[in-house]
Amino acid sequence: MNLITTVLMITAILSLILMMVSFWLPQMNPDAEKLSPYECGFDPLGSARLPFSLRFFLVAILFLLFDLEIALLLPLPWGIQLFNPTSTLIWTITVIGLLTLGLIYEWLQGGLEWAE
């Protein structure tokens with residue numbers, strides 16, 4: 001019981017010390033750049049009805065799709081250790097093939113080009 005009390009006291013004291021240092025240590029020098037809201041490269045004080053390039057959204061959605069699909073391949077090292085690793089390999093080749101076909105399709109449709 002004495003060890004648990006000691007560990008809890010050390011943890012509480014260390015936490016309090018770190019909280020006090022975090023309030024005293026930083027230097028607050030607010031200026032116009034720091035105080036203005038950051039709006040992803042847009043002027044936050046201008047009109048909210050500015051035209052926005054849909055190409056940005058297309059590339060962002062493509063990135064999310066391919067990123068999430070590649071996350072399906074993360075359990076591959078554990079799947080190879082199964083009793084029948086050939087089925088795991090077939091599914092892996094299928095997923096990689098579909099990703100490659102999707103990338104080729106987007107490339108041919110011009111979805112990956114920034115300039116018109």
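We use all heavy atoms of the structure for the numbers below, so side chains are in, but hydrogens, waters and symmetry mates are not. Nothing fancy with the numbering, it's 1 onward along the sequence. Here the structure is a predicted model, which is why all the values come from computation and not from measurement.
- Hydrophobic clustering (side-chain heavy atoms under 4.5 Å, transitive across Ile, Leu, Val, Met, Phe, Trp, Tyr) keeps Leu68 apart from Leu74.
- For the atom pair Asp67 CG and Glu69 CD, the distance stands at 10.0 Å (nearest 0.5 Å).
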Side-chain atoms of residues 57-65: list all donor-acceptor pairs with protein atoms under 3.5 Å, sequence neighbours left out, distances to 0.1 Å.
none

Output a table of donor-acceptor pairs, distance under 3.5 Å, between side-chain atoms of residues 82-103 and any protein atom two or more places apart or on a different chain; print 'none' if there are none.
unit_1: Asn84; atom_1: OD1; unit_2: Thr86; atom_2: OG1; d: 2.7
unit_1: Ser87; atom_1: OG; unit_2: Asn84; atom_2: O; d: 3.1
unit_1: Thr88; atom_1: OG1; unit_2: Gly79; atom_2: O; d: 3.1
unit_1: Thr92; atom_1: OG1; unit_2: Thr88; atom_2: O; d: 2.8
unit_1: Thr94; atom_1: OG1; unit_2: Ile90; atom_2: O; d: 2.7
unit_1: Thr100; atom_1: OG1; unit_2: Ile96; atom_2: O; d: 2.8

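- Hydrophobic clustering, with ILVMFWY side chains joined whenever heavy atoms are under 4.5 angstrom apart, groups Val21 together with Ile13.
- For Ser22, there are no side chain to side chain contact (heavy atoms under 4.5 Å, CB included) partners two or more places apart in sequence or in a different chain.
- Other residues sharing the hydrophobic cluster of Leu3, ordered by chain and number and joined by side-chain separations under 4.5 Å: Val7.
- Evaluation of the side chain to side chain contact (heavy atoms under 4.5 Å, CB included) rule for Ile10 yields Thr6 as partners, not counting sequence neighbours.
- Leu14 forms part of a hydrophobic cluster together with Leu18, judged by ILVMFWY side-chain heavy-atom separations under 4.5 Å.
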